[in-house]
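What follows is a single structure, written as structure tokens, with notes after it.
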Amino acid sequence: MTAELTTESDPRTPPGSTEARHGHRRRRSGDNGQARAAVLYLAPAGVLLIAVMAYPLYQLVQLSLYEYGQAQASGGAPLEFLGLGNYATLLSDSRFWMVLVNTCGFAAVCVLGSLAVGIALAVLAGRVRWLPRTLLFLAALGAWATPAVAGSTVWLFLFDQNFGLVNEVLSGLGWQGMAGFSWTYDRFTAFGLVAGEVIWCSFPFVMVTMYAGIKAIPGEIVEAASLDGASAWRTARSVLLPILRPLLIIATIQSIIWDFKIFTQIYVMTDGGGIAGQNLVLNVYAYQEAFAGSNYGLGSAIGVVMTGLLLLITVIYLWAQRTTGENT
């Protein structure tokens with residue numbers, strides 16, 4: 001065994017020699033063994049995930065191909081196969097495209113806000129003493145653990161038109177126009193209010209994830225960059241960010257999935273989608289079509305479109321990150 005290891009590591013061994021070929025085969029078989037072990041470890045979770053997700057997705061897709069309303073659900077009328085009829089109706093509806101734009105813009109603001117606040121507080125937590133760091137984590141985890149309905153109700157109370165603390169403070173500071181201001185009447189202020197609540201309850205995940213990654217980086221790496229004359233920004237961009245990229249990918253994908261399918265905050269804070277549906281997002285729109293409108297087939301089609309969009313966004317983001325990593 002010692003002779004074999006010596007032969008593999010000897011730089012004088014010709015690349016095409018028998019010893020080099022044997023060393024390459026041993027390394028390749030070792031990599032295959034690790035891959036097989038990883039598959040065996042992940043197989044139970046994969047089987048469970050498929051069992052839990054495959055049948056509901058199959059039922060969702062199947063339901064979207066039929067005319068399925070209250071009459072069909074109660075057994076008073078037979079199912080009528082429409083094929084892609086629900087999708088054609090959906091794509092030809094201008095309201096669907098407005099809701100899709102709302103959803104993408106709202107999710108983008110929430111994701112970027114959660115990442116910015118979470119990363120900034122993770123860096124701050126790594127630079128302060130243990131007492132303020134503990135208080136910061138307790139406050140963040142408290143926001144994270146707050147149920148969505150309770151958090152939305154508290155934010156509505158704080159920004160209430162007549163009795164809200166925010167309006168009173170702003171008007172007391174000289175902004176007289178904020179006295180009696182309605183945050184949920186205008187389309188953009190309502191979206192901004194909901195986005196603030198979503199960021200408030202989402203940034204702790206990013207903060208905890210990035211803080212764990214920052215603490216796992218050896219101090220010698222940062223010290224070496226500092227000795228080489230790199231600025232703090234250069235160190236963060238060229239040293240820390242490549243190391244933290246896997247964690248950043250996880251945090252970003254999770255945030256995209258969570259924020260793209262927001263339902264509770266929009267439904268509670270805008271009273272079901274705002275005035276004339278101006279604050280609708282896809283999840284609330286699907287709920288209105290399926291349950292309020294008793295059009296379960298069309299609601300299922302919206303769910304299928306949402307799932308496809310999320311998969312597409314995730315694949316594009318992973319491809320972009322991989323391309324960026326290879327270029328750097």
Side-chain angles (χ1 to χ4, degrees), residues 27-28 31-32 34-43 45-50 52-54 56-58 60-61 64 84 87 90-91 96-97 99-120 122-123 195 198-199 202-203 205-214 216-217 221 233-263 281-283 286 301-328:
R27 288 193 297 271
R28 186 169 57 185
D31 293 340
N32 292 335
Q34 291 179 354
R36 285 193 295 269
V39 171
L40 290 176
Y41 279 118
L42 294 174
V47 171
L48 180 61
L49 185 62
I50 292 174
V52 172
M53 293 295 296
L57 284 175
Y58 165 75
L60 185 70
V61 173
S64 70
L84 299 178
Y87 296 95
L90 192 65
L91 296 178
F96 165 75
W97 293 105
V99 174
L100 179 60
V101 171
N102 286 349
T103 305
C104 293
F106 176 77
V109 171
C110 292
V111 170
L112 294 176
S114 300
L115 291 175
V117 175
I119 293 173
V123 174
V198 171
I199 293 170
S202 300
F203 83 84
F205 170 76
V206 180
M207 186 186 77
V208 172
T209 303
M210 301 308 296
Y211 176 78
I214 291 172
I217 298 176
I221 296 179
W233 168 249
R234 178 73 176 180
T235 301
R237 185 172 64 88
S238 302
V239 179
L240 300 182
L241 185 59
I243 298 175
L244 296 174
R245 180 176 283 117
L247 291 177
L248 187 60
I249 290 174
I250 293 174
T252 303
I253 291 176
Q254 290 279 21
S255 298
I256 290 173
I257 294 173
W258 288 340
D259 297 339
F260 196 84
K261 59 185 186 68
I262 284 292
F263 174 83
V281 293
L282 281 176
N283 235 353
I302 299 173
V304 173
V305 171
M306 284 183 59
T307 303
L309 286 174
L310 281 175
L311 290 175
L312 179 63
I313 292 171
T314 302
V315 169
I316 292 175
Y317 181 79
L318 289 174
W319 175 81
Q321 287 294 324
R322 182 177 180 181
T323 304
T324 303
E326 291 176 352
N327 292 337
T328 54

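All residue numbers refer to positions in the sequence shown, counting from 1. All heavy atoms count here, side chains included; hydrogens, waters and symmetry mates do not.
Here the shortest heavy-atom pairing between Ile262 and Val281 reads O-CG2, 3.5 Å. Annotation for Cys110 and Ile199: closest pair O-CG1, 3.8 Å, computed over non-hydrogen atoms. The minimum heavy-atom distance linking Val117 with Phe203 is given by the pair CG1-CG, 3.8 Å. Residues Leu90 and Phe96 approach most closely at O-CB, 3.4 Å, considering heavy atoms. Nearest heavy-atom pair, Phe260 versus Met306, reported as atom, atom and distance to 0.1 Å: O-CE, 4.2 Å. Across every non-hydrogen atom of Ser255 and Val206, the tightest pair is OG-CG2, 4.1 Å.
With a 4.5 Å cut-off on side-chain heavy atoms, Val109 and Val198 do not count as touching. Residues Val123 and Ile214 meet the side-chain proximity criterion, which asks for heavy atoms closer than 4.5 Å. Residues Ile243 and Ile221 are in side-chain contact: their nearest non-hydrogen atoms beyond the backbone lie under 4.5 Å apart.
The distance from atom OG of Ser202 to atom CG of Asp259, rounded to the nearest 0.5 Å, is 5.0 Å. The structure places CG of Leu309 at 14.5 Å from NZ of Lys261, a figure rounded to the nearest 0.5 Å. The structure places OG of Ser114 at 11.0 Å from CD1 of Ile256, a figure rounded to the nearest 0.5 Å. Taking CZ of Phe205 as the start and CG of Leu115 as the end, the distance is 10.0 Å to the nearest 0.5 Å. Distance check, rounded to the nearest 0.5 Å: CD1 of Ile119 to CG of Leu247 gives 10.5 Å. Here the straight-line distance linking atom CD1 of Ile257 with atom OG1 of Thr252 works out to 11.0 Å at 0.5 Å rounding.
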| query | Taking it one step at a time, do Leu244 and Ile217 satisfy side-chain contact (heavy atoms from CB on, under 4.5 Å)? | reply | CA-CA 9 Å; Leu244 296 174; Ile217 298 176; 4.1 Å; yes

| task | Take Trp258 and Val111, measure what side-chain contact (heavy atoms from CB on, under 4.5 Å) needs, and give me the verdict at the end. | result | CA-CA 9 Å; Trp258 288 340; Val111 170; over 6 Å; no

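In this structure, the side chain of Ser64 engages the main chain of Val61 through a donor-acceptor pair within 3.5 Å. When atom types are taken as modelled, the side chain of Thr209 and the backbone of Ala251 share no donor-acceptor pair closer than 3.5 angstrom.
Applying the ring pair (Phe, Tyr, Trp, His ring centres under 6.0 Å) criterion to Phe263, with sequence neighbours excluded, gives Tyr267, Tyr287.
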